[in-house]
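Reviewing the structure listed below.
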Protein chains: 2
Amino acid sequence: MDLMNIGKIIQFHRKQAGLSQKELADLAGIGKTAVFDLEKGKSNFRIETLLKICSILNIELDFQSPIIKHWSKNES
Amino acid sequence: MDLMNIGKIIQFHRKQAGLSQKELADLAGIGKTAVFDLEKGKSNFRIETLLKICSILNIELDFQSPIIKHWSKNES
DNA sequence: AAGTTTTTACTGCTTTTGCGGTAAATATTG
DNA sequence: CAATATTTACCGCAAAAGCAGTAAAAACTT
(Lines give C-alpha, C1' and ligand atoms only; values in the text may rest on other atoms or scores of the structure.)
Protein backbone atom coordinates (compact mmCIF):
# COMPACT_ATOMS: atom_id res chain seq x y z
CA MET A 1 0.00 0.00 0.00
CA ASP A 2 1.35 3.35 -0.95
CA LEU A 3 0.88 5.26 2.23
CA MET A 4 2.05 8.46 0.62
CA ASN A 5 -0.96 8.45 -1.70
CA ILE A 6 -3.74 7.39 0.61
CA GLY A 7 -4.95 10.93 1.01
CA LYS A 8 -5.02 11.64 -2.69
CA ILE A 9 -6.75 8.37 -3.45
CA ILE A 10 -9.41 9.12 -0.87
CA GLN A 11 -9.84 12.61 -2.24
CA PHE A 12 -10.22 11.35 -5.78
CA HIS A 13 -12.89 8.89 -4.75
CA ARG A 14 -14.69 11.44 -2.62
CA LYS A 15 -14.89 13.92 -5.48
CA GLN A 16 -16.02 11.25 -7.89
CA ALA A 17 -18.80 10.52 -5.42
CA GLY A 18 -19.71 14.20 -5.35
CA LEU A 19 -19.25 14.54 -1.63
CA SER A 20 -17.81 17.35 0.43
CA GLN A 21 -15.39 16.54 3.22
CA LYS A 22 -18.10 17.23 5.76
CA GLU A 23 -20.61 14.99 3.99
CA LEU A 24 -18.10 12.16 3.81
CA ALA A 25 -17.19 12.62 7.45
CA ASP A 26 -20.84 12.47 8.49
CA LEU A 27 -21.56 9.41 6.36
CA ALA A 28 -18.49 7.66 7.75
CA GLY A 29 -19.36 8.67 11.28
CA ILE A 30 -16.10 10.50 11.88
CA GLY A 31 -15.13 14.12 12.34
CA LYS A 32 -14.46 16.53 9.54
CA THR A 33 -10.96 17.07 10.87
CA ALA A 34 -10.05 13.46 10.24
CA VAL A 35 -11.06 13.67 6.59
CA PHE A 36 -9.21 16.93 6.15
CA ASP A 37 -6.02 15.70 7.83
CA LEU A 38 -6.14 12.46 5.88
CA GLU A 39 -6.46 14.14 2.51
CA LYS A 40 -3.87 16.70 3.52
CA GLY A 41 -1.24 14.01 3.78
CA LYS A 42 -1.16 13.09 7.43
CA SER A 43 0.33 9.63 7.30
CA ASN A 44 -0.76 8.10 10.54
CA PHE A 45 -4.26 7.50 11.78
CA ARG A 46 -6.42 4.72 13.08
CA ILE A 47 -7.26 1.74 10.96
CA GLU A 48 -10.94 2.10 11.69
CA THR A 49 -10.95 5.69 10.52
CA LEU A 50 -9.53 4.61 7.19
CA LEU A 51 -11.88 1.65 6.92
CA LYS A 52 -14.96 3.74 7.66
CA ILE A 53 -14.03 6.10 4.86
CA CYS A 54 -13.17 3.27 2.47
CA SER A 55 -16.48 1.63 3.24
CA ILE A 56 -18.42 4.71 2.22
CA LEU A 57 -16.34 5.23 -0.92
CA ASN A 58 -16.51 1.58 -1.96
CA ILE A 59 -12.78 1.08 -1.64
CA GLU A 60 -11.59 -2.34 -0.58
CA LEU A 61 -8.33 -3.19 1.11
CA ASP A 62 -6.74 -6.54 0.44
CA PHE A 63 -3.81 -8.42 1.88
CA GLN A 64 -1.27 -9.82 -0.51
CA SER A 65 1.54 -12.17 0.40
CA PRO A 66 3.30 -15.18 -1.09
CA ILE A 67 1.95 -17.52 1.57
CA ILE A 68 -1.48 -16.09 2.21
CA LYS A 69 -3.15 -18.86 0.24
CA HIS A 70 -1.92 -21.31 2.85
CA TRP A 71 -3.78 -19.52 5.58
CA SER A 72 -7.28 -20.40 6.63
CA LYS A 73 -9.40 -19.03 9.43
CA ASN A 74 -9.54 -22.38 11.15
CA GLU A 75 -5.82 -22.75 11.65
CA SER A 76 -4.02 -22.37 14.95
CA MET B 1 -9.97 -6.17 4.25
CA ASP B 2 -11.27 -8.50 6.88
CA LEU B 3 -10.47 -6.53 9.98
CA MET B 4 -11.58 -9.38 12.18
CA ASN B 5 -8.78 -11.57 10.87
CA ILE B 6 -5.90 -9.15 10.78
CA GLY B 7 -4.48 -10.49 14.00
CA LYS B 8 -4.68 -14.09 12.91
CA ILE B 9 -3.16 -13.34 9.54
CA ILE B 10 -0.27 -11.52 11.17
CA GLN B 11 0.21 -14.37 13.60
CA PHE B 12 0.23 -16.93 10.82
CA HIS B 13 2.87 -15.01 8.91
CA ARG B 14 4.96 -14.40 12.00
CA LYS B 15 5.05 -18.08 12.87
CA GLN B 16 5.84 -19.02 9.31
CA ALA B 17 8.77 -16.63 9.58
CA GLY B 18 9.89 -18.31 12.78
CA LEU B 19 9.72 -15.15 14.84
CA SER B 20 8.59 -14.58 18.40
CA GLN B 21 6.36 -11.62 19.15
CA LYS B 22 9.29 -9.82 20.69
CA GLU B 23 11.54 -10.46 17.70
CA LEU B 24 8.88 -9.19 15.30
CA ALA B 25 8.30 -6.14 17.45
CA ASP B 26 12.01 -5.33 17.50
CA LEU B 27 12.39 -5.83 13.76
CA ALA B 28 9.37 -3.65 13.09
CA GLY B 29 10.55 -1.03 15.53
CA ILE B 30 7.46 -1.20 17.68
CA GLY B 31 6.70 -2.40 21.18
CA LYS B 32 5.90 -5.97 22.12
CA THR B 33 2.55 -4.86 23.45
CA ALA B 34 1.43 -3.71 20.03
CA VAL B 35 2.14 -7.10 18.47
CA PHE B 36 0.41 -8.88 21.32
CA ASP B 37 -2.67 -6.67 21.23
CA LEU B 38 -2.86 -6.94 17.47
CA GLU B 39 -2.72 -10.73 17.41
CA LYS B 40 -5.10 -10.87 20.34
CA GLY B 41 -7.82 -9.27 18.27
CA LYS B 42 -7.67 -5.61 19.16
CA SER B 43 -9.32 -4.11 16.11
CA ASN B 44 -8.09 -0.55 16.16
CA PHE B 45 -4.53 0.69 15.95
CA ARG B 46 -2.44 3.03 13.91
CA ILE B 47 -1.89 2.45 10.24
CA GLU B 48 1.86 2.78 10.62
CA THR B 49 1.96 0.09 13.25
CA LEU B 50 0.24 -2.31 10.90
CA LEU B 51 2.40 -1.30 7.95
CA LYS B 52 5.64 -1.74 9.88
CA ILE B 53 4.61 -5.26 10.76
CA CYS B 54 3.42 -6.04 7.24
CA SER B 55 6.69 -4.76 5.86
CA ILE B 56 8.71 -7.18 7.96
CA LEU B 57 6.42 -10.10 7.15
CA ASN B 58 6.30 -9.33 3.44
CA ILE B 59 2.60 -8.63 3.44
CA GLU B 60 1.31 -6.05 1.01
CA LEU B 61 -1.87 -4.01 1.28
CA ASP B 62 -3.65 -3.02 -1.88
CA PHE B 63 -6.52 -0.72 -2.67
CA GLN B 64 -9.31 -2.06 -4.83
CA SER B 65 -12.13 -0.02 -6.26
CA PRO B 66 -14.16 0.17 -9.46
CA ILE B 67 -12.69 3.53 -10.42
CA ILE B 68 -9.15 3.27 -9.11
CA LYS B 69 -7.78 2.73 -12.60
CA HIS B 70 -8.89 6.23 -13.47
CA TRP B 71 -6.74 7.72 -10.77
CA SER B 72 -3.20 8.87 -11.34
CA LYS B 73 -0.81 10.59 -8.98
CA ASN B 74 -0.69 13.69 -11.15
CA GLU B 75 -4.36 14.49 -10.97
CA SER B 76 -5.88 17.32 -8.98
C1' DA C 1 -19.62 41.45 -7.96
C1' DA C 2 -22.16 39.41 -4.15
C1' DG C 3 -23.47 35.42 -1.78
C1' DT C 4 -22.88 30.61 -0.78
C1' DT C 5 -20.31 26.52 -0.17
C1' DT C 6 -16.15 24.31 0.64
C1' DT C 7 -11.58 23.96 2.13
C1' DT C 8 -7.80 25.17 5.02
C1' DA C 9 -6.04 26.04 9.46
C1' DC C 10 -5.70 26.51 14.23
C1' DT C 11 -7.33 25.82 19.07
C1' DG C 12 -8.29 23.28 23.47
C1' DC C 13 -9.96 19.10 24.88
C1' DT C 14 -11.01 13.92 25.40
C1' DT C 15 -10.06 9.34 24.07
C1' DT C 16 -7.01 5.92 22.51
C1' DT C 17 -2.71 3.97 21.10
C1' DG C 18 1.64 2.54 22.15
C1' DC C 19 5.31 2.11 25.35
C1' DG C 20 8.39 -0.42 28.92
C1' DG C 21 8.16 -2.77 33.21
C1' DT C 22 6.66 -6.53 35.58
C1' DA C 23 4.91 -11.02 36.55
C1' DA C 24 2.23 -15.13 36.07
C1' DA C 25 0.83 -18.74 32.93
C1' DT C 26 1.95 -21.61 29.16
C1' DA C 27 5.02 -23.87 25.92
C1' DT C 28 9.41 -25.54 24.58
C1' DT C 29 13.82 -27.60 25.17
C1' DG C 30 17.69 -30.07 27.46
C1' DC D 1 11.54 -33.18 35.50
C1' DA D 2 14.13 -28.76 35.44
C1' DA D 3 15.56 -24.79 32.96
C1' DT D 4 14.54 -21.69 29.42
C1' DA D 5 11.71 -19.18 26.22
C1' DT D 6 7.45 -17.38 24.94
C1' DT D 7 2.97 -15.74 25.57
C1' DT D 8 -0.58 -13.59 28.20
C1' DA D 9 -1.95 -9.94 31.07
C1' DC D 10 -1.96 -6.03 33.68
C1' DC D 11 -0.11 -1.23 35.08
C1' DG D 12 0.84 3.89 34.73
C1' DC D 13 2.65 7.10 31.67
C1' DA D 14 3.64 9.65 27.27
C1' DA D 15 2.44 10.52 22.65
C1' DA D 16 -0.83 10.78 19.18
C1' DA D 17 -5.54 10.63 17.05
C1' DG D 18 -9.79 12.51 16.78
C1' DC D 19 -13.28 15.79 18.04
C1' DA D 20 -16.20 20.31 17.72
C1' DG D 21 -15.79 25.06 17.41
C1' DT D 22 -14.24 28.90 15.04
C1' DA D 23 -12.65 31.75 11.37
C1' DA D 24 -10.18 33.06 7.35
C1' DA D 25 -9.05 31.81 2.59
C1' DA D 26 -10.43 29.79 -1.66
C1' DA D 27 -13.66 27.99 -4.82
C1' DC D 28 -18.01 27.75 -6.65
C1' DT D 29 -22.78 29.91 -8.06
C1' DT D 30 -26.14 33.23 -9.42
Side-chain angles (χ1 to χ4, degrees), chain A residues 1-59 61 63 65 67 70-76, chain B residues 1-59 61 63 65 67 70-76:
Chain A
M1 176 163 63
D2 207 341
L3 194 54
M4 288 194 58
N5 294 318
I6 285 182
K8 292 294 182 190
I9 293 173
I10 296 293
Q11 188 176 57
F12 171 71
H13 282 78
R14 174 177 64 79
K15 289 190 172 175
Q16 290 294 316
L19 296 171
S20 70
Q21 292 179 344
K22 181 66 165 57
E23 287 170 331
L24 174 56
D26 290 343
L27 285 169
I30 63 177
K32 64 182 173 27
T33 314
V35 175
F36 170 68
D37 290 347
L38 181 48
E39 290 189 3
K40 209 67 216 306
K42 184 168 149 182
S43 60
N44 211 5
F45 29 84
R46 295 182 199 154
I47 288 274
E48 284 185 0
T49 300
L50 178 63
L51 290 183
K52 284 175 187 167
I53 290 175
C54 287
S55 171
I56 296 299
L57 296 177
N58 200 29
I59 300 170
L61 281 169
F63 283 106
S65 93
I67 61 171
H70 301 120
W71 176 80
S72 74
K73 292 170 189 172
N74 304 322
E75 271 175 69
S76 72
Chain B
M1 175 163 63
D2 206 343
L3 195 53
M4 290 195 56
N5 294 318
I6 285 182
K8 292 295 182 188
I9 293 173
I10 296 294
Q11 188 175 57
F12 171 71
H13 283 77
R14 176 177 64 79
K15 291 191 172 175
Q16 290 292 316
L19 295 171
S20 70
Q21 291 180 344
K22 182 66 166 54
E23 286 170 329
L24 174 58
D26 289 344
L27 285 169
I30 63 176
K32 64 182 175 27
T33 314
V35 175
F36 171 68
D37 289 346
L38 181 47
E39 290 189 1
K40 209 61 214 305
K42 184 168 148 180
S43 61
N44 212 6
F45 30 83
R46 296 181 199 156
I47 287 276
E48 285 186 358
T49 301
L50 177 63
L51 290 183
K52 284 175 187 169
I53 290 174
C54 287
S55 171
I56 297 297
L57 297 177
N58 200 29
I59 300 170
L61 280 168
F63 284 104
S65 94
I67 60 172
H70 302 119
W71 177 81
S72 73
K73 292 170 189 171
N74 304 322
E75 270 174 68
S76 70

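So that the names make sense, note that chain A is the first sequence line, chain B the second, and so on, each numbered from 1.
- Nucleotide C/dG20 holds its P atom 14 Å from the CD atom of B/Gln21, rounded to whole Å.
- A search for side chain to side chain donor-acceptor pair (under 3.5 Å) contacts involving A/Ser43 returns B/Glu48, not counting sequence neighbours.
- Applying the salt bridge (Lys or Arg N to Asp or Glu O under 4.0 Å) definition to pairs two or more places apart or across chains, those involving residues 21-37 of chain A are A/Lys22-A/Asp26, A/Asp37-A/Lys42.
- Scanning DNA chain C for stems, defined as runs of 3 or more consecutive Watson-Crick or G-U wobble pairs whose donor-acceptor distances all fall under 3.5 Å, gives the following ranges: C:4-16 with D:15-27, C:18-30 with D:1-13.
- Proximity of A/Arg14 to the phosphate of C/dT7: a side-chain N or O atom is located under 4.0 Å from OP1 or OP2.
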Polar pairs (N or O, both sides) under 3.5 Å between protein and nucleotides 3-5 of chain C?
none

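- For the side chain to side chain contact (heavy atoms under 4.5 Å, CB included) test, residues two or more places apart in sequence or in another chain that qualify with A/Phe45 are A/Ile6, A/Leu38, A/Leu50, B/Ile47.
- Contacts between chain A and DNA chain D, taken as any atom within less than 4.0 angstrom of a protein heavy atom, begin and end at D/dA17 to D/dT22.
- With sequence neighbours left out, the side chain to side chain donor-acceptor pair (under 3.5 Å) criterion links A/Ser65 to B/His13.
- Annotation: proximity of residues 33-44 of chain A to DNA chain C (heavy atom, distance under 4.0 Å) is found for A/Phe36, A/Lys40, numbered in ascending order.
- For B/Arg14, the salt bridge (charged side-chain N to carboxylate O under 4.0 Å, His left out) partners at least two apart in sequence or on another chain are B/Glu39.
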Legend entry - Protein proximity profile, nucleotides 22-30 of chain C - base contact B, sugar-phosphate-only contact S, no contact -, cut-off 4.0 Å on heavy atoms: B--------
Kindly list each side-chain donor-acceptor pair under 3.5 angstrom involving residues 51-58 of chain B, sequence neighbours excluded, with atom names and distances?
none

